[in-house]
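Structure first, commentary second.
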Number of protein chains: 2
Amino acid sequence: MLSNACQYAIRSILYLGMCSDEKHKVGVKTISEELEVPQPFLAKLLQQLNKSHLVTSTKGPYGGFYLSDENKEKTVWDIILVIDGTDKFSQCFLGLSKCGDDNPCPVHFTVSAFKNKIFKDFKDKTVAQFVEEIKEKGRYISLKKFDVLGAASD
Amino acid sequence: MLSNACQYAIRSILYLGMCSDEKHKVGVKTISEELEVPQPFLAKLLQQLNKSHLVTSTKGPYGGFYLSDENKEKTVWDIILVIDGTDKFSQCFLGLSKCGDDNPCPVHFTVSAFKNKIFKDFKDKTVAQFVEEIKEKGRYISLKKFDVLGAASD
DNA sequence: ATATAAAAAGATATTTTTATCCTAAATTAA
DNA sequence: TTAATTTAGGATAAAAATATCTTTTTATAT
Ligand code: FES
Ligand code: FES
């Protein structure tokens, strides 16, 4: 459903949301290791996310990536829009040229119920809200045990 | 989520379920035109489905593809298994290396609810049952207006 | 100023998915 | 038996997704 690139992007942004800010930037190397994602690929991806104003970066020593306050108000939908585009989400699960209640394929109503639910989350909740929930409810964005508060708690 | 190949396969089999039997075989050309699917690609696909005993074929004039009674008792899950494999259905929506209730990603519970629902359909309902439902409830597997009963009603 | 660290940019490589083409084999009707 | 038709099989091509490598630019600390 989501491309690798898009999954990496979402997880990276949630990661940055959890343990970065203007004072605590994180390098590609760290992110790629923490999330177990190919490093050079992620570098390109972050470059693109930066251009799209979804993450912020600075070069040079002590540089790296972080989410500005503005970045944190973006939604997951914004990320998907930039990386994968959202076309395929409106497409029929079985590949019909049109997807809608008026010409439903055999799985249309099952699928569209799901879509509505998950899209609501993706469109309504900000990155900041997702991060809140991750911390409160104990959700995972990596199976590596990193200290959620480590980088931001000194 | 499903590859093009897999979508084509499912729709082709449902199509054959609707308007073929041992006495009424359908050629690749017809199927590809009715479902608006690339013909040579579909030919390969049907070959594979035949080898996997999901469709039946005969060569020569008056030959073509059809579903035997046995074929009609297969499930959509069987098709997915053969074409795409089912690995990706057990994988995490955000690409975590493990997906489960014990290490849920931020969208895990939303997604797994959906998976359970759609998988139940795919695993439990036979092709024959799907075809029943398509006819009863007026579902679509193509946006071309073909006569559902045409081929099988002479 | 200089050395260093980190992202940006551009070029390239690999893999997977999708699609096409050509020849062979089988079946049928005449 | 022959011509016609249709699937089977094998080779190849094109496109997209994924991944890597190298060089350049920018910022920092000393
Ligand atoms: S018509 Fe197939 S999912 Fe909507
Ligand atoms: S852990 Fe992500 S979908 Fe299950």
Side-chain angles (χ1 to χ4, degrees), chain A residues 1-9 11-12 16 20 22-33 35-68 71 80 82-85 87-88 91 95 151, chain B residues 1-12 16 20 22-33 35-68 71 80 82-85 87-88 91 95:
Chain A
M1 190 128 209
L2 297 175
S3 66
N4 288 359
C6 198
Q7 294 177 336
Y8 298 162
R11 287 168 59 213
S12 296
L16 288 174
S20 83
E22 202 169 347
K23 306 272 180 205
H24 301 87
K25 296 156 191 167
V26 189
V28 200
K29 188 149 176 267
T30 307
I31 304 175
S32 73
E33 280 167 1
L35 301 183
E36 298 181 291
V37 150
Q39 210 239 70
F41 191 71
L42 182 60
K44 276 288 173 223
L45 201 52
L46 288 167
Q47 214 173 307
Q48 191 182 351
L49 292 172
N50 175 50
K51 275 194 227 164
S52 312
H53 308 290
L54 293 171
V55 308
T56 307
S57 71
T58 59
K59 293 180 178 179
Y62 296 79
F65 297 89
Y66 67 97
L67 297 196
S68 67
N71 294 152
I80 296 174
V82 163
I83 304 300
D84 279 353
D87 278 9
K88 70 174 161 196
Q91 282 166 15
Chain B
M1 189 127 209
L2 297 174
S3 66
N4 287 0
C6 198
Q7 294 177 336
Y8 299 162
I10 293 171
R11 288 168 59 211
S12 297
L16 289 173
S20 83
E22 201 168 347
K23 306 272 181 208
H24 301 89
K25 296 158 193 167
V26 187
V28 199
K29 188 150 177 268
T30 306
I31 304 176
S32 72
E33 280 167 2
L35 301 184
E36 299 181 291
V37 151
Q39 210 237 72
F41 191 72
L42 183 61
K44 276 287 174 224
L45 201 52
L46 287 167
Q47 213 173 310
Q48 191 182 352
L49 292 171
N50 175 50
K51 275 195 227 162
S52 312
H53 309 292
L54 293 172
V55 310
T56 308
S57 70
T58 59
K59 293 179 179 179
Y62 297 79
F65 296 89
Y66 67 97
L67 298 195
S68 67
N71 296 150
I80 295 174
V82 162
I83 305 299
D84 279 353
D87 278 8
K88 69 174 161 196
Q91 281 166 15

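Small disclaimer: the values here were computed from a predicted structure and weren't measured.
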Upstream residue (5' side of DNA chain D) when A:C6 and B:V28 are each assigned their closest nucleotide: B:V28
Contact class for A:P38 (heavy atom, under 4.0 Å): base, sugar-phosphate, or nothing? sugar-phosphate
Starting at NE2 of A:H24, measure out to OH of A:Y66 and round the result to the nearest 0.5 Å. 13.0 Å
Whether over 12 other heavy atoms sit under 6.0 Å from B:E22 CD: no
Rounded to the nearest 0.5 Å, what separation is found between the OG atom of A:S32 and the CG atom of A:L42? 6.0 Å
Whole-Å distance between D:dA27 C1' and A:E22 CD? 15 Å
With rounding to the nearest 0.5 angstrom, report the NZ to OH distance, B:K23 to B:Y62. 14.5 Å
When the distance from CD1 of A:I83 to P of D:dA17 is rounded to whole Å, what number comes out? 12 Å
What integer distance in Å separates A:L42:CG from D:dC21:P? 15 Å
Between B:K25 and B:F41, the residue closer to the 5' end of DNA chain C by nearest nucleotide is B:F41
Taking the side chain as every heavy atom from C-beta outward, state whether B:Q48 and B:K44 have any pair of such atoms under 4.5 Å apart. no
Considering just the side-chain nitrogens and oxygens of A:Q39, establish if one lies under 4.0 Å of OP1 or OP2 belonging to D:dA19. no
Within a radius of less than 6.0 Å around CD of A:E36, do more than 12 heavy atoms belonging to other residues, nucleotides or ligands occur? yes
Neighbours of DNA chain D within residues 49-62 of chain A, by heavy-atom distance under 4.0 Å: A:K59, A:G60, A:P61, A:Y62
Would you find more than 12 non-hydrogen atoms of other residues, nucleotides or ligands less than 6.0 Å from A:K88 atom NZ? yes
Approximate separation, where rounding is to 0.5 Å, of B:L16 CG and B:L46 CG: 7.0 Å
Segment of DNA chain C, first to last nucleotide, that comes within the 4.0 Å heavy-atom reach of chain B: C:dT18 to C:dA29
Calculate the interatomic distance between B:Q47 atom CD and D:dA11 atom C1'; express it in whole Å. 13 Å
Taking the side chain as C-beta and beyond, is there a heavy-atom pair between A:I83 and A:L45 under 4.5 Å? yes
From the options D:dA11, D:dC21, D:dT18, select the nucleotide whose nearest atom is closest to the side chain of B:K44. D:dA11
Whole angstrom is fine here: how far is it from CG in A:D84 over to P in D:dA16? 15 Å
